[in-house]
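A short worksheet on the structure shown next.
All values reported here derive from a predicted model rather than from experimental measurement. Within every chain, numbering begins at 1; the chains are lettered A, B, ... in the order of the sequence lines, protein sequences first and strands thereafter.
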Protein chains: 2
Amino acid sequence: MTALQMACGSCAMHRLCHPLTGAEGWLDAVQARRRLERGQKLFRAGAPQAAIFAVRAGTLKVSAPDGAGGHFIVRFLLPGDAAGLDGLAGGVHPTEAVALEDCQVCEIPRVRAEILAEGIPTVGAVLRSLIASQLAGSQVHSALLARHAAGERVARFLLDLSRRWDERGYSAASFRLPMLRSEIGEHLGLTMESVSRVLSDFQSRGWIRLTRGAIALLDLDQLRACAAIPLR
Amino acid sequence: MTALQMACGSCAMHRLCHPLTGAEGWLDAVQARRRLERGQKLFRAGAPQAAIFAVRAGTLKVSAPDGAGGHFIVRFLLPGDAAGLDGLAGGVHPTEAVALEDCQVCEIPRVRAEILAEGIPTVGAVLRSLIASQLAGSQVHSALLARHAAGERVARFLLDLSRRWDERGYSAASFRLPMLRSEIGEHLGLTMESVSRVLSDFQSRGWIRLTRGAIALLDLDQLRACAAIPLR
DNA sequence: CGAGAGGTTGAGGACCATCAACGCCAGTGG
DNA sequence: CCACTGGCGTTGATGGTCCTCAACCTCTCG
């Protein structure tokens with residue numbers, strides 16, 4: 001499995017890792033690069049937050065255990081995404097991150113991030129902006145869960161992945177789906193069966209083509225129309 | 001209507017407004033206090049973010065328009081809560097805040113907050129912590145919407161309000177409900193009718209008592225059991 | 001009093017969860 | 001090579017939950 005690898009320049013953490021363009025004299029933000037095998041956890045829910053992370057290669061799921069064996073999947077991480085920021089409130093990770101495939105991750109110790117934030121104003125601003133951006137995203141996702149039907153949830157999920165791959169310079173029309181149907185369901189508040197039925201329906205309409213572990217979006221306009229329908 | 005007023009000491013923004021306990025020489029964080037009448041907007045969705053806010057008295061709803069006339073209510077604000085932080089990502093408010101009753105609000109201009117964050121390390125940390133805390137809360141709310149039935153959503157909503165009033169030194173068992181049933185529904189992903197039915201059901205079981213614009217929680221244990229919240 | 005907003009209650013139906021069976025594929029071991 | 005196995009995905013039947021639509025109630029205010 002050869003996972004895609006991001007250039008640092010298009011990473012969400014770039015301006016945090018390299019705050020002084022061309023300059024030096026500061027300690028590196030990134031302490032270490034870690035490799036994760038499929039299924040391995042980057043950090044655990046309830047564990048003290050020691051670092052924040054940037055995904056360099058591979059994909060992960062960020063999930064919140066519900067105390068009864070179940071999980072809600074908060075978001076999926078693609079190369080260039082930041083992770084672990086929600087622990088900056090209490091110093092404890094409320095969520096956990098699990099590799100969906102073999103991954104490579106940059107680790108920025110919490111203390112080091114704080115030193116940089118104190119010493120370089122732009123770093124503090126970048127950090128705030130990253131967290132606020134995830135906050136806005138989470139609010140949008142809540143709205144999706146609260147007000148939209150199954151088909152619209154799946155359509156938006158696919159379009160969101162499409163946009164994010166596009167932003168990274170990869171195909172917006174064809175990409176892998178490394179997560180299980182059940183994991184898509186845990187992200188969208190649906191069952192595995194409902195996700196499967198909606199995807200089958202989209203395929204029968206000719207809007208997508210499903211292949212093992214991947215998907216092709218054939219009719220973005222139809223998907224967008226489907227995603228734009230507000231419920232009620 | 002005499003709204004409850006917070007002491008600054010128990011405000012979420014306190015360590016941002018008064019970073020140097022006992023010291024001075026810095027400009028005040030708070031530029032102005034604004035009064036809002038019921039229905040008035042503190043800031044509008046899509047407007048450039050000029051400031052962040054702390055609620056001093058009264059309650060508000062923070063809502064995200066869905067582009068088709070509908071709204072999803074992201075959270076309700078009580079005295080001492082911070083607002084407008086989700087605009088720190090792009091400089092534009094993705095949501096809007098509307099007063100549910102007459103309110104008093106402290107306004108901290110964005111620029112001033114940034115100057116303080118640059119000059120005083122703890123201010124930057126407090127800001128990060130506030131945003132991250134809202135992020136964690138939003139993720140929990142998403143999980144609520146994705147995985148829980150109507151009764152559990154309403155029970156957790158009531159217990160959440162109860163805890164927050166308790167943290168502020170007010171009764172955890174009896175408080176006003178300044179929002180409409182339809183607004184509770186827009187927050188919980190339910191219709192007004194469903195909210196009303198669940199509340200009526202709770203009342204018929206003797207768990208709560210509803211009076212006009214207020215509620216008394218009579219059996220917190222039953223509500224907790226219904227909400228499936230592990231006791232702390 | 002009448003009007004209107006907010007809230008409650010009821011009947012019926014849509015949507016999605018649940019339960020169950022089956023197909024496909026990869027890996028394993030005979 | 002094949003059978004076996006288990007994980008994953010698909011599809012069908014059925015039922016429950018909550019939405020929709022509608023009527024009615026309560027309270028406030030002019």
Side-chain angles (χ1 to χ4, degrees), chain A residues 1 38-39 61 66 68-73 98 100-101 144-158 176-205 208-215 226 229-232, chain B residues 1 38-39 61 66 68 70-73 98 100-101 144-158 176-205 208-215 226 228:
Chain A
M1 162 124 355
R38 173 183 164 81
K61 60 176 177 181
D66 65 358
H71 285 270
F72 167 68
I73 294 182
V98 182
L100 295 176
E101 54 195 331
L144 178 67
L145 298 176
R147 309 183 45 76
H148 294 272
E152 304 165 46
R153 297 188 202 183
V154 174
R156 284 208 192 190
F157 169 70
L158 296 176
R176 290 186 314 106
L177 281 184
M179 67 291 287
L180 307 177
R181 297 289 187 269
S182 59
E183 290 171 331
I184 298 175
E186 285 163 35
H187 181 55
L188 297 178
L190 300 170
T191 58
M192 177 194 70
E193 293 93 330
S194 291
V195 173
S196 179
R197 268 184 256 270
V198 170
L199 288 175
S200 295
D201 181 48
F202 284 179
Q203 181 161 237
S204 75
R205 292 167 186 266
I208 63 174
R209 185 173 52 244
L210 292 165
T211 56
R212 173 144 194 96
I215 190 173
C226 176
I229 301 170
L231 189 59
R232 287 157 222 162
Chain B
M1 161 123 358
R38 172 184 165 80
K61 62 175 176 180
D66 66 357
H71 284 269
F72 167 68
I73 294 183
V98 182
L100 296 176
E101 55 196 330
L144 178 68
L145 297 176
R147 318 188 87 267
H148 295 273
E152 305 168 48
R153 297 188 203 183
V154 174
R156 282 176 64 159
F157 170 69
L158 296 176
R176 289 183 319 102
L177 281 183
M179 67 292 287
L180 307 176
R181 297 288 187 271
S182 57
E183 290 171 331
I184 298 176
E186 285 163 34
H187 180 54
L188 297 177
L190 300 170
T191 59
M192 175 194 73
E193 294 94 328
S194 292
V195 173
S196 180
R197 269 184 256 268
V198 170
L199 288 175
S200 295
D201 181 48
F202 285 0
Q203 179 161 238
S204 75
R205 292 166 186 265
I208 64 175
R209 186 173 53 244
L210 291 166
T211 57
R212 174 142 193 97
I215 190 173
C226 177

Gap between atoms [atom1] and [atom2], on [X] and [N] respectively (whole Å):
| X | N | atom1 | atom2 | result |
| --- | --- | --- | --- | --- |
| A/Arg209 | D/dG9 | CZ | P | 19 Å |
| A/Leu177 | D/dC8 | CG | C1' | 14 Å |
| A/Leu180 | C/dC24 | CG | P | 20 Å |
| A/Glu193 | C/dG23 | CD | P | 17 Å |
| A/His148 | C/dC15 | NE2 | C1' | 16 Å |
| B/Phe202 | C/dT8 | CZ | C1' | 16 Å |
| A/Leu210 | C/dC24 | CG | P | 16 Å |
| A/Met179 | D/dG7 | CE | P | 21 Å |

Give a yes/no on whether any side-chain N or O of [X] is located under 4.0 angstrom from OP1 or OP2 of [N].
| X | N | answer |
| --- | --- | --- |
| A/Arg197 | C/dC16 | no |
| B/Thr191 | D/dC19 | yes |
| B/Ser200 | C/dT9 | yes |

Closest contact, heavy atoms only, [X] versus [Y]:
| X | Y | result |
| --- | --- | --- |
| B/Glu186 | B/Phe72 | O-CD1, 3.1 Å |
| B/Leu145 | A/Ala146 | CD1-CB, 3.9 Å |
| B/Met179 | B/Leu100 | CB-CD1, 4.0 Å |

When you match A/Val195 and B/Val195 each to their closest nucleotide on DNA chain C, which lands nearer the 5' end?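 Going by which nucleotide is closer to the 5' end, it is B/Val195.
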Side chains of A/Val154 and A/Leu190, heavy atoms from C-beta outward: is any pair under 4.5 Å?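 A/Val154 vs A/Leu190: side chains touch.
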Between B/Gly151 and A/Ser194, which has a closest nucleotide on DNA chain D that is more 5'?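 Upstream on the strand: A/Ser194.
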Quick one: do A/Arg153 and A/Val198 satisfy side-chain contact (heavy atoms from CB on, under 4.5 Å)? Show the steps, please. CA-CA 10 Å; A/Arg153 297 188 202 183; A/Val198 170; over 6 Å; no
Using a 4.0 Å heavy-atom cut-off across all strands, classify A/Leu190 as base, sugar-phosphate, or nothing.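 Sugar-phosphate, no base atom in range.
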Compare the minimum distances between each of D/dT28, D/dC18, C/dT8 and the side chain of B/Ser196, then state the nucleotide with the smallest one.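 So the nucleotide nearest the side chain must be C/dT8.
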